[in-house]
Undergrad: 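One structure is given below, represented as C-alpha cells, and several questions about it will come after.
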Amino acid sequence: MDLDQLAALRTPEGEAALVAAAELTDGDPLVAAATLRAAGIPAGLAAAALTQAELRRRAIGKFGPDAAGMYFTRAGLEQATRGRVARRRAARLRDAGVHTMVDLGCGLGADAIAAARSGIRVYGVEADPVTAAMAAANARATGVADRFTVIPGDATRFDVTQVDGHPVDAVFCDPARRRAGTGRRIFDPAAYSPPWDFLLGLAERVPRTVFKVAPGIDHAVLPADAEAEWVSVGGDLVEATVWCGPLAAVPRRATLLGGPVAHQLTGTGVGRPPVGPVRRYLYDPDGAVVRAHLVAEFAATVDGSLADQEIAYVYADTPTPTPYARCLEVVEVLPFSLKRLRALLRDRGVGRLEILKRGSALEPERLRRDLRLSGPESASLVLTRVADAPTALLCRPVR
Ligand SMILES: C[S@@+](CC[C@H](N)C(=O)[O-])C[C@H]1O[C@@H](n2cnc3c(N)ncnc32)[C@H](O)[C@@H]1O
C-alpha cells in the first residue's frame with residue numbers, strides 16, 4: 001500500500017469500497033474482487049479495500065472492535081502490541097504520573113492509542129510514511145486525535161526533551177525487530193531499529209524511559225538499575241519491557257495476563273532454587289516466570305525444588321493452586337529408553353499423549369511416531385534431565 005492508495009481508501013468512494021469489502025467475508029479472493037468490480041469499484045481500489053478488510057478481520061484479536069475502522073499494513077499489524085498488554089503498560093505510565101510522552105517508532109499506534117486513552121498526551125514519531133499516515137488515521141478512528149499526534153520522521157533525530165513547547169516526561173520505544181523486506185525476526189538488539197545503543201542513551205536524556213524488547217533478550221545486556229518485565233498472555237510469552245529510572249520498581253517481574261485478573265511475580269532474577277529428587281508433583285512454570293529468572297521465587301511459593309540446577313521444572317510434595325505454573329502429578333519416573341517407554345505406555349493403554357520437554361534434545365513428534373501409541377487412555381509425558389541423566393516422567397493432570 002502506498003500513500004495514494006491510502007488516500008483513495010479514505011475518500012467517500014474508498015469508504016464505500018471498504019464497507020462492501022467487509023461484507024464479503026468468505027470465499028475466493030478472485031470472486032470477491034470481481035464482485036466489487038461488478039459494483040463499479042475500480043480494480044485498484046477494490047484490491048486495496050479487500051486487503052484492508054482482511055487485515056481488519058485479523059486485527060480483531062489485538063485491537064478488538066476498534067479494528068473495524070482502523071488502517072493496517074501487514075507488517076505493522078504483526079508488530080503491534082496486543083490491546084491488553086498496551087492498556088496495562090499505559091495504566092502503569094499514567095499511575096507513575098506521566099502526562100506527556102513521546103513514542104519513538106509508534107507504528108500503527110497500538111501503544112500510543114492505549115496511552116492516549118489513559119489520559120496521556122502522546123507524540124508518536126514514525127519513519128515509514130504510510131505507517132505514519134495510518135497511525136494518524138487510527139488516532140482519528142479511535143477518537144484520540146486530540147491526544148495522539150503523529151510526527152513523520154526519524155526517531156533518532158527527534159528532540160525527546162520537549163515537544164510543542166511541552167516538557168516530555170516519558171519516552172517509550174518499541175523498536176522494529178523484523179527485517180524490512182523479508183520480515184525475518186532480528187535477535188541481535190544492536191540490529192533493532194532504532195538500535196540498542198540509542199535505546200540505552202535515551203534513558204540518560206529522559207529518566208522515565210520505557211522500551212519493549214524481544215522476550216528472548218539476554219539479561220546480561222539489560223541496564224543494571226532497570227526493571228525488566230516479561231509478559232505472557234494466556235500462557236504465551238509475548239514481550240519484555242524495560243522500565244528505566246524512577247519507573248523501575250523491582251529488578252525482575254513476570255506478569256501473566258489472560259485471565260480476569262493480572263498476576264505478578266517479582267524478585268531479583270538471581271536466586272537459586274534448592275535442588276533435590278523428583279517429588280510427587282511437577283510444576284511447569286509460565287514462560288514469563290522462566291524468562292524473568294524468577295523460578296527460585298516461584299519455587300518458594302510452592303515449597304518446591306528443582307531436580308536439575310539448570311532445568312526449570314519445579315517439584316513439590318503437594319499440589320498448591322498457583323497461577324504461575326501448570327501442575328502435574330508424577331506417576332512414573334524412568335531413565336529415558338524408547339523400548340521401556342513404549343512398553344509402559346502400551347501396558348497403561350495410552351493412546352493420546354501430550355509431550356512436554358525441558359533439557360531434552362528429543363523431537364516430540366518423532367518420538368510420538370516411534371512410540372506407536374494405541375489405547376483409550378491419555379497421559380502427559382515430560383522429557384527432561386534429572387541429576388544430568390535423560391529422564392522420562394509419566395504424569396497426569398492434577399484434579
Ligand atoms: C515494532 S513497531 C512499533 C509498534 C507499535 N508499538 C504498536 O504497538 O503499534 C516499530 C516501528 O518503528 C518504526 N521505526 C523503526 N526505526 C525508526 C526510526 N529510526 N525512526 C522512526 N521510526 C522508526 C518502524 O517503521 C515501525 O513502524
Side-chain angles (χ1 to χ4, degrees), residues 1-3 6 55-56 58-64 66-67 70-90 92-93 101-118 120 122-139 141-142 144 148-160 163 170-202 209-215 217 231 233 238-242:
M1 161 114 23
D2 61 26
L3 282 173
L6 177 61
L55 292 174
R56 284 176 172 183
R58 283 201 201 180
I60 290 171
K62 281 188 176 176
F63 290 85
D66 286 335
M70 294 175 69
Y71 295 86
F72 299 98
T73 60
R74 219 168 278 281
L77 175 56
E78 262 172 34
Q79 297 183 82
T81 302
R82 286 164 181 72
R84 178 107 198 247
V85 179
R87 283 194 294 280
R88 214 192 127 268
R89 183 161 37 231
R92 184 165 166 186
L93 286 162
M101 182 175 96
V102 174
D103 180 347
L104 295 174
C106 67
L108 295 171
D111 285 292
I113 290 166
R117 279 190 168 148
S118 80
I120 298 174
V122 186
Y123 294 88
V125 183
E126 174 53 52
D128 177 63
V130 174
T131 306
M134 286 187 174
N138 291 341
T142 53
V144 294
F148 170 27
T149 305
V150 181
I151 304 168
D154 183 352
T156 62
R157 293 166 185 268
F158 192 78
D159 178 2
V160 288
V163 58
V171 175
F172 172 69
C173 184
D174 173 9
R177 289 178 278 118
R178 285 179 188 267
R179 295 205 187 281
T182 64
R184 295 180 69 162
R185 276 181 209 280
I186 295 172
F187 296 101
D188 177 7
Y192 288 178
S193 181
W196 188 245
D197 282 352
F198 171 77
L199 299 182
L200 296 181
L202 275 178
T209 285
V210 183
F211 42 90
K212 180 173 148 182
V213 295
I217 190 96
V231 182
V233 179
V238 294
E239 65 167 67
T241 307
V242 180

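It should be emphasised that the depicted structure is a prediction, and the values quoted were computed from it without experimental measurement. All ligand and atom numbering here is 1-based and tracks the order in the structure.
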Undergrad: Ala127 versus ligand 1: do any nitrogen or oxygen atoms come within less than 3.5 Å of each other?
TA: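 Yes: some nitrogen or oxygen of Ala127 is under 3.5 Å from one in ligand 1.
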Undergrad: Do you know which two heavy atoms are closest between Thr73 and Leu55, and how far apart they sit?
TA: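 Nearest pair, atom of Thr73 first, then Leu55: C-CD1, 4.0 Å.
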Undergrad: Please indicate whether any nitrogen or oxygen in Ala176 is less than 3.5 Å from any nitrogen or oxygen in ligand 1.
TA: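 No - when backbone and side-chain N and O of Ala176 are compared with those of ligand 1, no distance drops under 3.5 Å.
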Undergrad: For ligand 1, which is the ligand I care about here, please tell me if Asp174 has any N or O atom under 3.5 Å from one of the ligand's N or O atoms.
TA: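 Right, the criterion is met.
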Undergrad: I'd like to know if the side chain of Lys212 and the backbone of Glu239 have a donor-acceptor N/O pair within less than 3.5 Å.
TA: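 Answer holds: no.
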Undergrad: For ligand 1, which is the ligand I care about here, please tell me if Asp154 has any N or O atom under 3.5 Å from one of the ligand's N or O atoms.
TA: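 Yes; the residue has a nitrogen or oxygen that sits under 3.5 Å from a nitrogen or oxygen of the ligand.
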Undergrad: Could you check whether Arg56 makes a cation-pi contact with Tyr71, meaning its NZ or CZ is under 6.0 Å from the centre of the six-membered ring and within 45° of the ring axis?
TA: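 Relative to the ring axis of Tyr71, which defines the angle, Arg56 lies inside both limits.
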Undergrad: Are side-chain N/O atoms of Asp66 and Thr142 paired as donor and acceptor at under 3.5 Å?
TA: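 Not at all, the side chains of Asp66 and Thr142 share no donor-acceptor pair under 3.5 Å.
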Undergrad: Glu126 to ligand 1: N or O pair under 3.5 Å?
TA: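 Yes, there is a polar N/O contact under 3.5 Å.
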Undergrad: Quick one: which ligand 1 atoms are inside 4.0 Å of a heavy atom on Ser193?
TA: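 Answer, ordered by atom number: 15 (C), 16 (N), 17 (C).
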Undergrad: Checking the side chain of Arg58 only, and the main-chain atoms of Arg74 only, is there a donor and an acceptor separated by less than 3.5 Å?
TA: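 Judged by distance alone, no pair lies under 3.5 Å.
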Undergrad: Within the structure, does Asp103 bring an N/O atom to less than 3.5 angstrom of an N/O atom in ligand 1?
TA: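 For ligand 1, there is no N or O atom that lies under 3.5 Å from one belonging to Asp103.
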Undergrad: Under a 4.0 angstrom heavy-atom cut-off, which atoms of ligand 1 come close to Thr81?
TA: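 In order of number, 7 (C), 8 (O).
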Undergrad: For Phe72 and Phe63, I'd like to know if the aromatic rings sit close, meaning centre-to-centre distance below 6.0 Å.
TA: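 Between Phe63 and Phe72, which both carry aromatic rings, the centre distance is below 6.0 Å.
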Undergrad: For atom 20 (N) of ligand 1, what is the nearest protein heavy atom, given as residue, atom name and distance?
TA: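 It is Ala155 N, 2.7 Å.
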Undergrad: Within the structure, is a non-hydrogen atom of Pro194 found at a distance of less than 4.0 Å from ligand 1?
TA: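 Right, Pro194 reaches ligand 1.
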Undergrad: Side chains of Leu93 and Ser118: closer than 4.5 Å at any heavy-atom pair?
TA: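 Of all side-chain heavy-atom pairs linking Ser118 with Leu93, none is under 4.5 Å.
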Undergrad: Compare Pro175, Cys106, Gly83 and give the one whose heavy atom is closest to atom 5 (C) of ligand 1.
TA: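 Ranked by closest heavy atom to atom 5 (C) of ligand 1, first place is Cys106.
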Undergrad: Please state which protein non-hydrogen atom is closest to atom 12 (O) of ligand 1 and give its distance, to 0.1 Å?
TA: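 Answer for atom 12 (O) of ligand 1: Gly105 CA, 3.3 Å.
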Undergrad: Among protein heavy atoms, which sits nearest to atom 9 (O) of ligand 1, and what does the distance come to when rounded to 0.1 Å?
TA: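 Here the closest protein heavy atom is Ala110 N, 3.1 Å.
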Undergrad: Are Val163 and Phe158 close enough that some pair of their side-chain heavy atoms sits under 4.5 Å apart?
TA: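 Yes, at least one pair of side-chain atoms sits under 4.5 Å.
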Undergrad: If you define the side chain from C-beta out and look only at heavy atoms, does anything of Arg177 sit under 4.5 Å from Phe187?
TA: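 No, their side chains stay 4.5 Å or more apart.
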Undergrad: Taking Lys62 for its side chain and Glu78 for its backbone only, find out whether a donor-acceptor pair lies under 3.5 Å.
TA: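 Such a contact is found between Lys62 side chain and Glu78 backbone.
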Undergrad: Could you tell me whether Ala80 and ligand 1 have an N or O pair separated by under 3.5 Å?
TA: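 So ligand 1 has no N or O lying under 3.5 Å from an N or O of Ala80.
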Undergrad: Answer with yes or no whether Gly153 contacts ligand 1, where contact means a heavy atom under 4.0 Å from a ligand atom.
TA: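 Gly153: in contact with ligand 1 (<4.0 Å).
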